[in-house]
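Heads up: the structure comes next, in C-alpha cells.
Start at 1 and go down the list; that is how both ligands and their atoms are numbered.
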Amino acid sequence: MKLPEEAERIADGIRSMRIRGAGLIARSAVEALEIVARQSKAKDVEAFVEELTEAARFLLQTRPTAVSLPNGIRYVMHRVNGGKGRAATVEGIRSVAIQATEDFIENAKTAVHRIGEIGARRIRDGDVLLTHCNSSAAIEVMKTAWMQGRKFEVLVTETRPRFQGHITAHELAKAGIPVTLILDDAVRYFMQHVDKVLVGADAITANGALVNKIGTSMVALAAHEARVRVFVAAETYKFSPETMIGELVKIEDRDPAEMISPEQRRQIGSIKVLNPSFDVTPPEFIDLIITERGIIPPVGAILILEEVFGVVTPEELREYQTYSLEEEA
Ligand code: RUB
C-alpha cells in the first residue's frame with residue numbers, strides 16, 4: 001500500500017528506529033493515520049474506511065513489540081468503525097477519524113505528564129536510582145522530582161547495542177540531574193548502592209509482567225536479589241489486551257549487524273548471532289507500576305485492562321494486532 005509521503009516517512013522512521021520508544025511510536029503511528037485521513041480522496045464513506053484500515057494494517061507491521069502501537073490504532077479505528085454507520089458523508093467520517101487521532105495524541109501526552117507527577121512522589125532526597133534504556137515516561141518522573149527540588153542521582157546503563165542509555169544520560173544531565181553512565185554488565189556490581197530501579201515499558205501483560213528493552217529482566221533480577229525496589233512507568237495504552245486471552249507479546253528480533261559487523265563476524269568464523277530487542281520481567285520482580293490513573297501493583301494490571309479495553313471487541317482485538325495469530329500457528 002502507498003501511504004502519503006509524510007505518513008510513509010513516519011512508517012519508515014518507526015521501522016528504522018529514528019522514531020523509537022513505545023509512547024512516541026504510538027503517537028507517531030496515529031499521526032500517520034491522521035495524515036491519511038486528511039489527505040484521503042475517497043469518494044464514499046466505505047472507501048474512506050477501507051483506505052484507513054489498509055493504512056492501519058501497514059503501520060502495524062513497522063515494529064512488533066510496542067503494544068502501544070496496535071492500541072493507538074485500535075483507539076482510532078474503534079471510533080471510525082463506530083462512526084461509519086452514522087456518518088453520511090466522507091467529510092463526516094473524516095472528522096470522526098481526525099478527532100480520534102487528535103484525542104489519542106493529546107491523551108497520550110497528558111498521560112506522560114500525569115505519570116511524572118504521580119511517580120515523582122516516590123523519589124526521596126538522597127536516592128540513588130538506576131534506569132535502563134531510554135523511556136520518556138521514566139525520564140518524566142525523574143525530571144518532575146528534580147524540578148520539585150528533590151536531590152538524587154541516577155545510574156544509567158549504556159543499553160547496548162543501540163546505546164539508548166546515551167540519550168537518557170544526555171536528557172537527565174541537561175536537566176541538571178547527576179548521572180553516572182555504567183556498562184549493562186555492571187548492573188549487579190552497582191546494585192548494592194541503588195535505592196530504586198525505574199524503567200519504562202513497551203508492554204504490560206494481563207498478569208503484570210513487563211516487556212521492555214533487552215536486559216531489563218536481568219536488572220530486575222539483580223534488584224530482587226539485593227532487595228531493591230523496581231518501579232515501572234507505563235501509560236495504560238501500553239497494557240496488552242491480547243494477553244487477557246492468553247496471547248504472548250511478540251519479541252522483536254533485530255539485525256545482528258547492530259551487534260557485530262559482517263566483517264568482524266567473518267573473522268570469528270561460522271557463528272550464529274541473535275539480537276532480541278526486548279525481554280520479559282516477571283511480575284514477582286516488579287513492585288509497582290506507575291500509570292496515569294495511579295499507582296498499581298502488578299496484580300492490578302488485569303483491572304486496568306478491563307477498565308480501558310472493555311470496549312474493544314474480539315474482532316478488533318484480532319484485526320489490529322501487530323502480527324496475526326495464524327502467522328504464529
Ligand atoms: C525503548 C524501550 C523503552 C520503552 C518505553 O526501546 O525499551 O523503555 O519503549 O519508552 P527501543 P517510553 O529503543 O527499541 O524503541 O516511556 O518512551 O514510551
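- Note on residues 229-259: pairs passing ring pair (Phe, Tyr, Trp, His ring centres under 6.0 Å), not counting sequence neighbours, are F104-Y237.
- Other residues, nucleotides and ligands place no more than 12 heavy atoms under 6.0 Å from the CZ atom of R188.
- The salt bridge (Lys or Arg N to Asp or Glu O under 4.0 Å) analysis of residues 278-293, with sequence neighbours excluded, yields the pairs R293-E307.
- For ligand 1, the protein residues placed under 4.0 Å by at least one non-hydrogen atom are M17, R20, G21, A22, G23, R63, C133, N134, S135, S136, A137, Q164, A201, D202, N212, K213, K238, F278.
- Side-chain contact between N207 and I302 is absent, with no heavy-atom pair separated by less than 4.5 Å.
- Partners of F285 under the ring-ring contact (aromatic ring centres under 6.0 Å, His included) rule, at least two apart in sequence or in another chain, are H224.
- In this structure, R79 satisfies the cation-pi test against Y75, with its NZ or CZ atom closer than 6.0 Å to the six-membered ring centre and inside 45 degrees of the ring normal.
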